[in-house]
Amino acid sequence: FNAEGDGMNVGWRHWFQAHTTDPSVDLWPDTTGFSSDELYPCPLRMKNGAQALLYSSCNATTVDRHFQWMKEYGLDGVFLQRFVSELYSEAMLKVRTQVTACVRASAEQHQRVF
């Protein structure tokens, strides 16, 4: 999941249908407790008029938070996918490499496997 402003320059990948503001997720994530440096303002507003905020999987703090939760709830690890069809694109190679680096660091820190 990417966000405008996460430094990857691939837009709102996975959050929205291509070139629209139509969400492509079934449920909106609860970002309660996320720090302001993990959240990115997206093109939508919440029902109460507040700016809608989303996270990026390229943010090391966010990935680490997920691994903390895994440890807390007894989840041993994750499967990390790299889609070969995306790796021809320099931008997507950069995204996948960044996510892998974040996952590796957090998995090691929290004794989880990937």
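Numbers here are sequence positions counted from 1.
Atom CG of D26 sits in a sparse spot, with 12 or fewer heavy atoms from other residues, nucleotides or ligands closer than 6.0 Å. The local environment of CD in E90 is sparse, with at most 12 non-hydrogen atoms from other residues, nucleotides or ligands closer than 6.0 Å. The environment of CZ in R104 is sparse: at most 12 heavy-atom neighbours from other residues, nucleotides or ligands sit within 6.0 Å.
Side-chain atoms of C102 and D64, non-hydrogen and from C-beta on, never get closer than 4.5 Å to each other. Side-chain contact between F79 and Q81 is absent, with no heavy atoms from C-beta onward closer than 4.5 Å. Put simply, the side chain of V63 does not reach to within 4.5 Å of the side chain of H66, judged on heavy atoms. No side-chain heavy atom of F1 sits under 4.5 Å from any side-chain heavy atom of W12. With a 4.5 Å cut-off on side-chain heavy atoms, Q51 and M46 do not count as touching. Side-chain contact between Y40 and D6 is present, with heavy atoms from C-beta onward closer than 4.5 Å.
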Show your working on side chain to side chain contact (heavy atoms under 4.5 Å, CB included) between L75 and W69 and close with a plain yes or no.
-> CA-CA 8 Å; L75 300 172; W69 288 337; over 6 Å; no
How far apart are the C-alpha atoms of R82 and T97, what are their side-chain angles, what is the distance that settles it, and do they pass the side chain to side chain contact (heavy atoms under 4.5 Å, CB included) test?
-> CA-CA 9 Å; R82 283 181 70 114; T97 300; 3.7 Å; yes
Residues R112, S106; criterion side-chain hydrogen bond (donor to acceptor under 3.5 Å, both in side chains); working and verdict | CA-CA 8 Å; R112 307 292 97 186; S106 292; over 6 Å; no
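Clustering ILVMFWY residues whenever any of their side-chain heavy atoms sit less than 4.5 angstrom apart, transitively, puts Y73 in the very cluster that holds F34. Connection of V78 to V113 is not established within any shared hydrophobic cluster, with ILVMFWY side chains joined at heavy-atom distances below 4.5 Å, either directly or through further cluster members. Taking hydrophobic clusters as Ile, Leu, Val, Met, Phe, Trp and Tyr residues chained together by side-chain heavy-atom distances below 4.5 Å, V25 shares a cluster with F16. Both W15 and L39 are part of a single hydrophobic cluster, where members link through side-chain heavy atoms under 4.5 Å apart.
In this structure, H110 has no ring pair (Phe, Tyr, Trp, His ring centres under 6.0 Å) partners at least two apart in sequence or on a different chain. Residues passing the side chain to side chain donor-acceptor pair (under 3.5 Å) test with T31: none are found, sequence neighbours excluded. Scored by the side chain to side chain donor-acceptor pair (under 3.5 Å) test, Y55 finds no partners at all (sequence neighbours excluded). Qualifying side chain to side chain donor-acceptor pair (under 3.5 Å) partners for E38, counting only residues two or more places apart in sequence or in other chains: S35, T62, R65. For E86, the salt bridge (charged side-chain N to carboxylate O under 4.0 Å, His left out) partners at least two apart in sequence or on another chain are R13, R96.
With hydrogens and angles ignored, the 3.5 Å screen pairs a side-chain donor or acceptor of T20 with a backbone N or O of Q17.
Closest of all the heavy-atom pairs between V95 and N2 is CG1-OD1, 3.7 Å.
Other members of the cluster containing L87 are L93, with ILVMFWY side chains joined at under 4.5 Å, either directly or via other members.
For the atom pair SG (C58) and CE (M8), the distance works out to 5.0 Å, reported to the nearest 0.5 Å. Remark: L27 CG to D30 CG distance equals 11.0 Å, nearest 0.5 Å.
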